[in-house]
Amino acid sequence: MPPEPTIRDSRDDDVAAIQAIYAHHVLHGTGTFELEPPTTTEIGQRRAAVLREGLPWLVAEADGRVLGYAYANWFRTRPAYRFTVEDSIYVAQDARGRGVGRSLLTELADRCEHAGLRQLLAVIGDSRNTGSIALHAACGFRFAGTMRATGWKHDRWLDTVLMQRELGAADRTPPA
C-alpha cells in the first residue's frame, strides 16, 4: 500500500511537478479547457498570483513526490464576489483512486472556511468527468447546473458542470 500523502502548502520547488501534472491533463483530459500546456514559468506566475491574494495553493506529497495539487482563486474579481472562490484540483495519473483528491479538496475547503470565505465553487470541465463530479459530491458540493457545449476540445463539444459548497455560516449571517 502506498504511503498516505501529506497535504502541505506548495513551495517554489514544487512548480515543475505541478506543471507536469497539469500538462498531462491539458494534453489528455477534458477537465481543463486549455489546449496547450503552460510552461513552468507560467505555472509559477499563476501560483504566485494566487498566493499574493492570500489564497491557498496546496500539494499532496508522498515519498518526496508531488502527487497532486489544489488551489482556490477568486470566482470573479468584482467586489461583491469577495467571499466566493473557485477550486482547481489535479492529481497525477498514477495517483488517482488513492484518496489524494479527497485529501486535497478537504484541506482546501477547510483553509477557505478559516479564511472567512463563504462559498466554494467547482467549475468542472466536461459533464463526462465523473471522477471530478463524484469527488466534489463526496466533499459536500451540490450540483448547481450544467452549461452545455461551452468548450471545444479533442474534436468534441464539452459541457461545464457547476457545483457549490457552502463554507462556514454561508448566507445565514452577514460577513464580518
Side-chain angles (χ1 to χ4, degrees), residues 2-3 5-77 85-112 120-139 141 147 150-163 165:
T6 300
I7 308 302
R8 62 168 173 76
D9 290 323
S10 65
R11 301 185 301 243
D12 291 344
D13 63 349
D14 296 323
V15 171
I18 290 167
Q19 190 276 340
I21 291 168
Y22 187 59
H24 175 84
H25 287 277
V26 170
L27 293 171
H28 304 288
T30 55
T32 174
F33 285 8
E34 285 201 67
L35 302 177
E36 298 294 328
T39 65
T40 302
T41 300
E42 173 64 21
I43 292 292
Q45 291 168 345
R46 292 177 188 185
R47 178 180 163 271
V50 166
L51 297 177
R52 274 194 305 275
E53 293 292 326
L55 296 169
W57 189 307
L58 309 173
V59 297
E61 177 184 58
D63 291 331
R65 179 175 166 240
V66 173
L67 302 176
Y69 69 95
Y71 65 92
N73 207 351
W74 301 116
F75 172 63
R76 297 280 188 269
T77 57
V85 290
E86 175 183 340
D87 76 78
S88 290
I89 181 166
Y90 293 92
V91 175
Q93 188 64 23
D94 64 344
R96 293 178 63 188
R98 294 177 25 197
V100 173
R102 182 182 274 224
S103 295
L104 279 165
L105 191 51
T106 299
E107 180 65 20
L108 185 71
D110 288 349
R111 299 256 189 123
C112 290
L120 181 56
L121 305 180
V123 181
I124 300 169
D126 193 2
S127 57
R128 291 191 244 178
N129 190 347
T130 57
S132 185
I133 293 167
L135 168 64
H136 283 86
C139 289
F141 286 72
M147 297 184 296
T150 52
W152 176 260
K153 185 174 180 181
H154 300 312
D155 295 323
R156 67 182 176 99
W157 286 107
L158 302 171
D159 299 337
T160 299
V161 174
L162 303 174
M163 297 183 78
R165 176 178 165 173

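Quantities reported herein were computed from a predicted structural model and do not represent experimental measurements.
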Where do [X] and [Y] come nearest, in terms of heavy atoms and distance?
X	Y	value
Asp126	Phe33	N-CE1, 4.0 Å
Ile133	Ser127	CD1-O, 3.7 Å
Pro38	Ile43	CG-CD1, 3.7 Å
Leu58	Arg111	CD2-NH1, 3.3 Å
Pro37	Val26	N-CG1, 3.5 Å
Ala92	Ile21	N-CG2, 3.9 Å

Gap separating the [atom1] atom of [X] from the [atom2] atom of [Y], nearest 0.5 angstrom:
X	Y	atom1	atom2	answer
Leu67	Gln93	CG	CD	13.0 Å
Thr130	Ile124	OG1	CD1	10.5 Å
Thr39	Glu36	OG1	CD	12.0 Å
Arg98	Ser103	CZ	OG	10.5 Å
Ile7	Asp110	CD1	CG	11.5 Å

Keeping the roles fixed (side chain from [X], backbone from [Y]), state whether a donor-acceptor pair exists under 3.5 Å.
X	Y	result
Lys153	Gly31	no
His28	His24	no
Ser10	Trp57	yes

Is there side-chain contact between [X] and [Y], with heavy atoms separated by less than 4.5 Å?
X	Y	result
Ser132	Asn129	yes
Thr150	Leu158	no
Leu105	His136	yes
Ile89	Leu108	no
Thr30	Arg128	no

TODO: List the steps, then state whether side chain to side chain donor-acceptor pair (under 3.5 Å) holds for Glu53 with Trp74.
DONE: CA-CA 9 Å; Glu53 293 292 326; Trp74 301 116; 2.9 Å; yes
Open item on the list: The test is side-chain contact (heavy atoms from CB on, under 4.5 Å); show your working for Thr41 and Gln19 and say whether it passes.
Closed with: CA-CA 9 Å; Thr41 300; Gln19 190 276 340; over 6 Å; no
Task: Worked check of side-chain contact (heavy atoms from CB on, under 4.5 Å) between Leu121 and Val85 - done: CA-CA 6 Å; Leu121 305 180; Val85 290; over 6 Å; no
Going by an N to O cut-off under 4.0 Å, is there a salt bridge joining [X] and [Y]?
X	Y	answer
Asp13	Arg11	yes
Glu61	Arg65	no
Asp12	Arg47	yes

TODO: Apply salt bridge (charged side-chain N to carboxylate O under 4.0 Å, His left out) to the pair Glu34 and Arg46, showing each step before the final yes or no.
DONE: CA-CA 14 Å; Glu34 285 201 67; Arg46 292 177 188 185; 2.7 Å; yes
Open item on the list: I'd like to check the ring-ring contact (aromatic ring centres under 6.0 Å, His included) partners of Tyr90; sequence neighbours left out, ordered by chain and number.
Closed with: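 By the ring-ring contact (aromatic ring centres under 6.0 Å, His included) rule, Tyr90 matches Tyr22, His25, Tyr69.
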Open item on the list: Please determine whether side-chain contact (heavy atoms from CB on, under 4.5 Å) holds for the pair Asn73 and Leu55, giving the CA-CA distance in whole Å, both sets of side-chain angles, and the decisive distance to 0.1 Å.
Closed with: CA-CA 7 Å; Asn73 207 351; Leu55 296 169; 3.9 Å; yes
TODO: Go through the steps to decide whether Asp9 and Val59 satisfy the test side-chain contact (heavy atoms from CB on, under 4.5 Å), and finish with yes or no.
DONE: CA-CA 6 Å; Asp9 290 323; Val59 297; over 6 Å; no
